[in-house]
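Beneath this line is the structure, given in structure tokens, with notes to follow.
Letters go in sequence order (proteins before strands), and every chain restarts at 1. Atom set for the values below is all heavy atoms of this structure, side chains included, hydrogens, waters and symmetry mates excluded.
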Amino acid sequence: MKVLVAVKRVVDYNVKVRPKADGTDVDTANVKMSINPFCEIAVEEAVRLKEKGVVSEIVAVSMGPKQCQEQIRTALALGADRGIQVETDAELQPLAVAKCLKALVEKEEPQLVILGKQSIDGDNNQTGQMLAALTGMGQGTFASEVNVEEGSVKVTREVDGGLQTVELSLPAVVTTDLRLNEPRYASLPNIMKAKKKPLDTTTPDELGVDIAPRTKTLKVEPPAERQAGIKVADVAELVEKLKSEAKVI
Amino acid sequence: MSILVIAEHDNAELKGATLNTIAAAKAIGGDIDVLVAGSGCGAVGEAAAKVAGVSKVLVADSAIYEHQLAENVAKLVADLGKNYSHVLAPATTTGKNMLPRAAALLDVQPISDIIAVESPDTFKRPIYAGNVIATVQSSDAIKVASVRATAFDPVAAEGGSAAVESVSAADDAAVSKFVGEELAESDRPELTAARVVISGGRGMQNGENFELLYKVADKLGAAVGASRAAVDAGFVPNDMQVGQTGKIVAPDLYIAVGISGAIQHLAGMKDSKVIVAINKDEEAPIFSVADYGLVADLFDAVPELETKL
Ligand SMILES: Cc1cc2nc3c(=O)[nH]c(=O)nc-3n(C[C@H](O)[C@H](O)[C@H](O)COP(=O)(O)OP(=O)(O)OC[C@H]3O[C@@H](n4cnc5c(N)ncnc54)[C@H](O)[C@@H]3O)c2cc1C
Ligand SMILES: Cc1cc2nc3c(=O)[nH]c(=O)nc-3n(C[C@H](O)[C@H](O)[C@H](O)COP(=O)(O)OP(=O)(O)OC[C@H]3O[C@@H](n4cnc5c(N)ncnc54)[C@H](O)[C@@H]3O)c2cc1C
């Protein structure tokens, strides 16, 4: 069966992002960009399913400006077979991403679509659920275990109370959580090979999707700063301060 | 304006996060209806009717809602949501799973994790692990938003007398089935609702050593949390993870033990009223957000803390 994996280009998780001085946007000039960590987990899961013989083809998709081809190449180096870039320089919101993915699902007819549960820039945690809604598929979000069976997939999900397992009929949407797997590093030969793998480009227009934003960011600002605290000398002083100064115990 | 709030519950009890979500609805203004979708959930409907400020409670009682499968609940929420100006749900794993699905069915771009209401169409929300706060305006006809519970003080659970109405279930989407669950059993307070939280990180070294934290927790009536590193290493289960991609907490007192203070961890706890850090590395970034920092070996400091409480 075929798997579609969505990979997003985001500011690397080690970068501490700041708003621009004029508050119009975040300052992402010259910062390191990477594949979203949850998307890396999504690619790894697809590759493992292929290694188990469950999956025959992995298609990696990314949406955004030309540079997001780098993240598709990363996915190809990790083991995806081919890539599709939906090229646009416009701002993409999750509903628009989900609509583009739906158009690709109709074309490619994958049995499974794997996405990250959230991207670490927008922190929306929406795209997978919205794709599932638009295609009528079942959704296994925040997955920590995925088992493909005959015509269905069992997904164990990380929920507030612990773990929940659901069974979805195929095709289905899965979004990854941190404990699903530990992604491998791409080897140099695989990085070289990835350069030769096919990468097609399309656009939201060609897919017939209206990506006009529905929300507008009016302002971005830093969060309220915490006042600097003090160091206490020992446990006795700590307990004293918590009792008489902070009055929290 | 009229607002539909989706209740968080387990078919027996109305969960606290619902009260914070109703508080966000109040900040928007207008009539507030609460939807209880579940199975055998009559008592939850009764409880919701008593909440201060609620106009009407809609109860959809059907076996297909027993386990809150998003495929089914989202359909119902989208059907009912058409009649409202706003649809809100708590930003719990249940809300985050269901609400975007309902929004897509309504052709709406939802707004995740709101922490403030600026006006009926404009909200604040954290992005980039809370390093940036964005003010976002929605142009959709129906505003769909999930609410970060820690940012809104809960409304009173008593004092209201709303009418309870039953609504019929939507069709079974029939693409998903509940198989089973493993829920953490604990006598301690729930992490996101506790007044005091004590969390351990990689510095704890193993799961057995968390016993040190449980002892302190029991003296303080605290919940116990963890960093991602402690969860990944298998010291404790996933439901204890605090952070950008785990649970968001804002207790009166947060005690971080053997946690370095990565931005992803800070994102989940830096709105706590008082923060204590115990770490043997005086350069650890956690000290930059701590009100009281103790540079010490946790294996000395934590047992001593327990005896001094
Ligand atoms: C102030 C501000 C300004 C912004 N300006 C711009 C801008 O000018 N241009 C712009 O492009 N973005 C911009 N963005 C980012 C954009 O708004 C969000 O990233 C977008 O809303 C997507 O949300 P998300 O990735 O958090 O979704 P989530 O639902 O959290 O993503 C979950 C998963 O969906 C998949 N996915 C999401 N997006 C893509 C994608 N593009 N390609 C492939 N898979 C994907 C991935 O698998 C990902 O793990 C801006 C954001 C902010 C905060
Ligand atoms: C996509 C993504 C999402 C993430 N989401 C989260 C999240 O939600 N929550 C989260 O917590 N992290 C998250 N992380 C991980 C985060 O980046 C850090 O790796 C993690 O928080 C580190 O955990 P830690 O502080 O326990 O471990 P470390 O950084 O290893 O720190 C251990 C600390 O313990 C101290 N220590 C060791 N021994 C002792 C002792 N005997 N006495 C006293 N102190 C001692 C050390 O000095 C050190 O400061 C995420 C990362 C990514 C990439």
* Asked: Considering the options A:T127, A:N36, A:D123, which one meets the side-chain hydrogen bond (donor to acceptor under 3.5 Å, both in side chains) requirement together with A:Q118?
  -> A:D123
* Which portion of B:K247 sits near chain A, non-hydrogen atoms under 4.5 angstrom -> side chain
* Asked: A:V43 versus A:P183: any side-chain heavy-atom pair under 4.5 Å?
  -> no
* Side chain / backbone / both / neither for A:R214 at chain B, heavy atoms under 4.5 Å -> both
* Plane angle bin for B:H265 and B:Y254 - parallel if under 30°, tilted between 30 and 60°, otherwise perpendicular -> tilted
* Asked: In terms of heavy-atom proximity below 4.5 Å to chain B, should A:A233 be classed as side chain, backbone, both, or neither?
  -> backbone
* Under 4.5 Å heavy-atom distance to chain B, tell me which part of A:A98 shows up: side chain, backbone, both or neither. => neither
* Residue A:V10 versus chain B: region with a heavy atom under 4.5 Å -> neither
* Is it the side chain or the backbone of B:L99 that comes within 4.5 Å of chain A heavy atoms, both, or neither? -> neither
* To do: Check whether A:N14 gets within reach of chain B through its side chain, its backbone, both or neither, counting any heavy atom under 4.5 Å.
  => neither
* **Heavy-atom contact with chain A under 4.5 Å, split by part of B:D10** => neither
* Asked: At a heavy-atom separation under 4.5 Å, does B:E71 approach chain A through its side chain, its backbone, both, or neither?
  -> side chain
* Structure fact -> What one should report as the nearest heavy-atom pair of B:L266 and B:V289 is CD2-CG2, 3.9 Å
* **Pair B:K143 + B:D121, salt bridge at N-O below 4.0 Å** => no
* To do: For the pair B:K273 and B:D252, find out whether any cationic side-chain nitrogen is under 4.0 Å from an anionic carboxylate oxygen.
  => yes
* Asked: Of the backbone (N, CA, C, O) and the side chain (C-beta and beyond), which part of B:A301 lies under 4.5 Å from a heavy atom of chain A, both, or neither?
  -> both
* B:L183 versus chain A, heavy atoms under 4.5 Å apart: side chain, backbone, both or neither? -> both
* Structure fact -> When the 4.5 angstrom heavy-atom criterion is applied to B:L305 and chain A, the contacting part is both
* Given side chains that start at C-beta, do those of B:V197 and B:M269 come closer than 4.5 Å, heavy atoms only? -> no
* Got a second to check how far A:L101's CG is from A:T135's OG1, nearest 0.5 Å? -> 9.5 Å
* Lys/Arg-Asp/Glu bridge criterion (N-O < 4.0 Å) met for A:K2, A:E109 -> no
* Asked: Side chain, backbone, both or neither: which part of B:I275 has an atom under 4.5 Å from a heavy atom of chain A?
  -> both
* Structure fact -> Applying a strict 4.5 Å limit to non-hydrogen atoms, the region of B:A290 in contact with chain A is backbone
* Side chain, backbone, both or neither of B:A174 within contact of chain A (heavy atoms, under 4.5 Å) -> backbone
* Structure fact -> Whatever's closer than 4.5 Å to a heavy atom in chain B on A:V159 counts as both
* **Residue part contacting chain A, namely of B:V108, when any heavy atom lies under 4.5 Å** => backbone
* **Greatest number of heavy atom pairs closer than 4.5 Å to chain B - which of A:T141, A:V232, A:L168** => A:V232
* Which distance, rounded to the nearest 0.5 Å, do you find between the CZ of A:R179 and the CG of B:D232? -> 5.0 Å
* Ion pair check, A:R157 and A:D177, cut-off under 4.0 Å -> no
* Tell me, for B:E185 versus chain A, whether the close heavy atoms (under 4.5 Å) come from the side chain, the backbone, both or neither. => neither
* Ion pair check, A:K99 and A:D210, cut-off under 4.0 Å -> no
* Structure fact -> Most heavy-atom pairs under 4.5 Å with chain B, out of A:K154, A:Q139, A:K16, belong to A:Q139
* **Atom of B:P100, atom of A:Q129 and distance for their closest heavy-atom approach** => CB-CB, 3.7 Å
* **Polar side-chain atom of A:Q126 near backbone of B:P110 as donor-acceptor pair, under 3.5 Å** => yes
* To do: Counting only heavy atoms closer than 4.5 Å, note whether B:E190 contacts chain A via side chain, backbone, both or neither.
  => neither
* **Which portion of B:T122 sits near chain A, non-hydrogen atoms under 4.5 angstrom** => side chain
* With a 4.5 angstrom heavy-atom cut-off, which part of A:I230 approaches chain B: side chain, backbone, both or neither? -> both
